[in-house]
Asks: 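I have a structure here, written as structure tokens, and I will follow up with some questions on it.
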Amino acid sequence: MTTLGTASTFKRDWVDGFVTAYGRTVRKVPGAYGVIGRQVPRRGKVAVVIGGGCGHYPAFAGLVGPGLADGAVVGDVFTSPSAEQVYRTARAADGGAGVLFGYGNYQGDVLHFGLAARRLAAEGIESRTVLVTDDIASGPADDVDRRRGVAGDFLVFKIAGAAAERGDDLAGVHAAAVKANAATRTFGVAFGGCTLPGAAEPLFTVDEQKMELGLGIHGEPGVRTVGRLSARDLADELVAGLLPELPPGKRVVALLNGLGRTKYEEMFVAYTRVHERLAEAGLEVVDTQVGEFVTSLDMAGVSLSLMVLDEELAELYAAPCDTPGYRSTGAELAPVPLESTVDATLARPDGAAGDRLVDRVLTAALDAIEAAEDELGRLDAVAADGDHGLGMTRGMRAAVAAARSPEAGETLSGGLLVAGTAFADAAGGASGALYGVLLAETGAGLRGEVTGEALADAVDNAVRAFVELGKAEPGDKTMLDAILPFAETLRERAGDGAVPAWVAAAKRATEAARATADLVPAKGRAARLAERSKGHADPGATSFALLVTAVGEALSAGKVVGV
């Protein structure tokens, strides 16, 4: 936030940019920091006006549009808009049927919206207010008036907007919004604080090994600090906090809300367990929203909101709307099935290696890769994305599992062929494809007795396929810079027998992998940051050296027979 905004002009600049970007949907309120829909005011329709401090997009201005809010008033960052700004926005939105104000339960908002409501009343404009109080961490269950409004704002506003859209009078819109608030609960967690525009430091920090449970949306830390949880454990914590608070009912809407910095993919990782836990509790999730709805600038964290639906709330929630920050087509609500994928590459294959040659050598290679996973990731992160160690571990686990499967057959050749296919599928990326080729092509060349010459021929064929597929050349700082010396030494020492030749070739590959530290990459993503990698060995060459060394040690230790 420090690079694109300054404290003194942030509100003005982002409102101008927002209205410019979405000018077909919204327009500015003259003389105010407020926005209203393009077709607002609408005669005879209750005007739903929401608002609060900025820093929460798409709340509040991003929720203005048909079927949701008619207008939104914008305060400074995390600060209530003034009564004057609220008044001007409400006057611009009023269509003669009254105004429903919706905002979170914060003292500044209560005071300024309240003053604006008094001024409207003096001019003959009726208004009512719904205070959103969904945050269970901010007050006890027997004193909900102390609770804050957080991501549940969105759900309550959605209901209010739909009630106004279907033609309810002011009392009816207010009643629907109050019912929605009573049916909504939220619990959240922060991993890191947010930074105000123009500031150099965040409002608060969270230890890398900790989490703050019960965060707010105004830069507040949580109410309880806990150790860093896995996605599964975090989902359990959020659901466990909400379940005792829910009103009676079976059908729920689940909203997993990002606070500004947490990526959508990360939220999806946690959501599977959320859904699972809700189903175990006997709840039917009839709609799920995962994304950013009420943020806190660049705060790292998520919150889970649940709204229990009766027939009226279900009808209103499902009603269509069209705003810059959220759109709904009005599709019928229905239970959402839990999707679950079993991925064998995430866990190490059960049991120790068996007596078969392919199992023994691949398991030895897996042991070496698992032990070096972090170091391989560190090397890869120097000039790439840091996933090489993780990809190699996934690939080797899949290769071992495949080699132990019935599809591998009883031969070394068959085992390597299926292992190569499994490696490529599990590891993905360039390394996955290239290592898959090496394993499969080596296996294809070992259909008879495994002599030194046969082994050298098989590896030569695999290297040719590798070069043809990868298009790398010696000196490009890729795994080829370790593979070619390995193959050359294996050929030179073939007459010594398969095992001595392999051990000597592995030693040469290790030396060559270390020497890649003096090279700069010319292929792949690393080439864009070539100079950064100078002085660091290539991760692909390093992993290859680790693999062939581990296989050589297993062979030399007499753990295998037949070579």
Side-chain angles (χ1 to χ4, degrees), residues 361-362 364-365 368-369 372 375-376 379-380 382-383 388-389 392 395-396 416 420 423 430-431 433-446 450-524 526-527 530 533-556 563:
V361 296
L362 290 179
I369 290 298
E375 175 63 11
L376 292 173
L379 289 174
D380 191 40
V382 171
H388 183 69
M392 289 296 298
M396 284 308 306
L416 289 175
F423 188 105
S431 294
L434 295 171
Y435 270 107
V437 165
L438 284 174
L439 285 169
E441 291 294 330
T442 299
L446 295 175
V450 183
T451 63
E453 291 292 339
L455 193 57
D457 288 343
V459 170
D460 283 344
N461 288 334
V463 171
R464 279 193 290 272
F466 177 97
V467 172
E468 181 179 345
L469 181 64
K471 308 299 182 185
E473 297 180 3
D476 283 347
K477 195 168 186 174
T478 68
M479 67 180 81
L480 185 66
D481 292 308
I483 293 172
L484 284 179
F486 174 83
E488 291 168 358
T489 304
L490 191 64
R491 172 64 64 190
E492 292 168 1
R493 298 289 296 273
D496 298 343
V499 174
W502 186 279
V503 171
K507 182 178 179 180
R508 179 70 186 92
T510 301
E511 295 169 350
R514 290 174 182 156
T516 61
D518 298 326
L519 303 174
V520 291
K523 293 288 184 182
S533 75
K534 194 75 179 290
H536 300 274
D538 178 67
T542 302
S543 60
F544 177 80
L546 288 169
L547 287 174
V548 294
T549 297
V551 171
E553 290 172 352
L555 295 172
S556 299
V563 179

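Only this structure's heavy atoms are used, side chains among them; waters, hydrogens and symmetry mates stay out.
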Asks: For residues A364 and A554, report the shortest heavy-atom separation together with the two atoms involved.
Replies: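 Smallest heavy-atom distance, with atoms named: CB-CB, 3.8 Å.
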Asks: Is there a side-chain contact between L376 and L546, using heavy atoms and a 4.5 Å cut-off?
Replies: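 When only atoms from C-beta onward are counted, L546 and L376 do touch, with a gap below 4.5 Å.
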Asks: Determine the minimum heavy-atom distance between A487 and D460, stating which atoms define it.
Replies: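 What the structure gives for the nearest pair is CB-OD1, 3.9 Å.
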Asks: Is it true that a side-chain atom of S556 and a backbone atom of E553 form a donor plus acceptor pair closer than 3.5 Å?
Replies: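 No, S556 side chain to E553 backbone: no donor-acceptor pair under 3.5 Å.
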Asks: Under a 4.5 Å cut-off applied to non-hydrogen side-chain atoms, are V459 and E441 in contact?
Replies: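 The answer is no, as the side chains (C-beta and beyond) never meet within the 4.5 Å cut-off.
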Asks: Can you confirm whether L547 sits close enough to M392 that some side-chain heavy atom of one is under 4.5 Å from a side-chain heavy atom of the other?
Replies: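 With C-beta onward as the side chain, the pair touches.
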Asks: If I take atom CG from residue L434 and atom CE from residue M479, how far apart are they, to the nearest 0.5 angstrom?
Replies: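 If we round to the nearest 0.5 Å, L434:CG and M479:CE are 5.0 Å apart.
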Asks: Side chains of L379 and D538: closer than 4.5 Å at any heavy-atom pair?
Replies: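 SC-SC contact between L379 and D538 ruled out.
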Asks: Does any non-hydrogen side-chain atom of W502 lie less than 4.5 Å from one of R493?
Replies: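 No, their side chains stay 4.5 Å or more apart.
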Asks: Can you tell me if T516 uses its side chain to pair, donor with acceptor, with the backbone of L519 under 3.5 Å?
Replies: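 Looks like no, no N/O pair under 3.5 Å.
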Asks: How close do D496 and P500 get, heavy atom to heavy atom, and via which atoms?
Replies: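 Distance-wise, the nearest heavy atoms are O-CG, 3.5 Å.
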Asks: With a 4.5 Å cut-off on side-chain heavy atoms, are L362 and M396 touching?
Replies: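 A side-chain contact under 4.5 Å exists here.
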Asks: Please round to the nearest 0.5 Å and tell me the distance separating atom CD of E488 and atom CD1 of I483.
Replies: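 Result: 12.0 Å between the selected atoms.
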Asks: Restricting to non-hydrogen atoms, name the atom on L484 and the atom on P474 that form the minimum distance, rounded to 0.1 Å.
Replies: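 Looking at all heavy atoms of both residues, the shortest contact is CD1-CG, 3.4 Å.
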Asks: Looking only at non-hydrogen atoms, find the nearest pair between A512 and A482 and report the distance.
Replies: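 Smallest interatomic distance, heavy atoms only, reads CB-CA, 4.1 Å.
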Asks: Looking at side-chain heavy atoms only, is the closest gap between V503 and L555 below 4.5 Å?
Replies: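 No, too far: nothing below the 4.5 Å cut-off.
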Asks: Rounded to the nearest 0.5 Å, what's the gap from CG on L490 to CG on D457? Could you check?
Replies: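 CG of D457 is found 9.5 Å from CG of L490.
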Asks: Taking CZ in R514 as the centre, count heavy atoms belonging to other residues, nucleotides or ligands within less than 6.0 Å. Is the count above 12?
Replies: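 Open: at most 12 neighbouring heavy atoms sit under 6.0 Å from CZ of R514.
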Asks: Can you name the nearest heavy-atom pair linking A365 to V551, along with the distance?
Replies: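 Heavy atoms only, the tightest pair is CB-CG2, 4.4 Å.
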Asks: When you compare the side chain of H388 with that of S431, does any pair of heavy atoms fall below 4.5 Å?
Replies: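 Yes. Closest side-chain heavy atoms under 4.5 Å.
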Asks: What is the ring orientation for F544 with F486, classed by angle as parallel under 30°, tilted 30 to 60°, or perpendicular over 60°?
Replies: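 Rings of F544 and F486: perpendicular, as their planes differ by over 60°.
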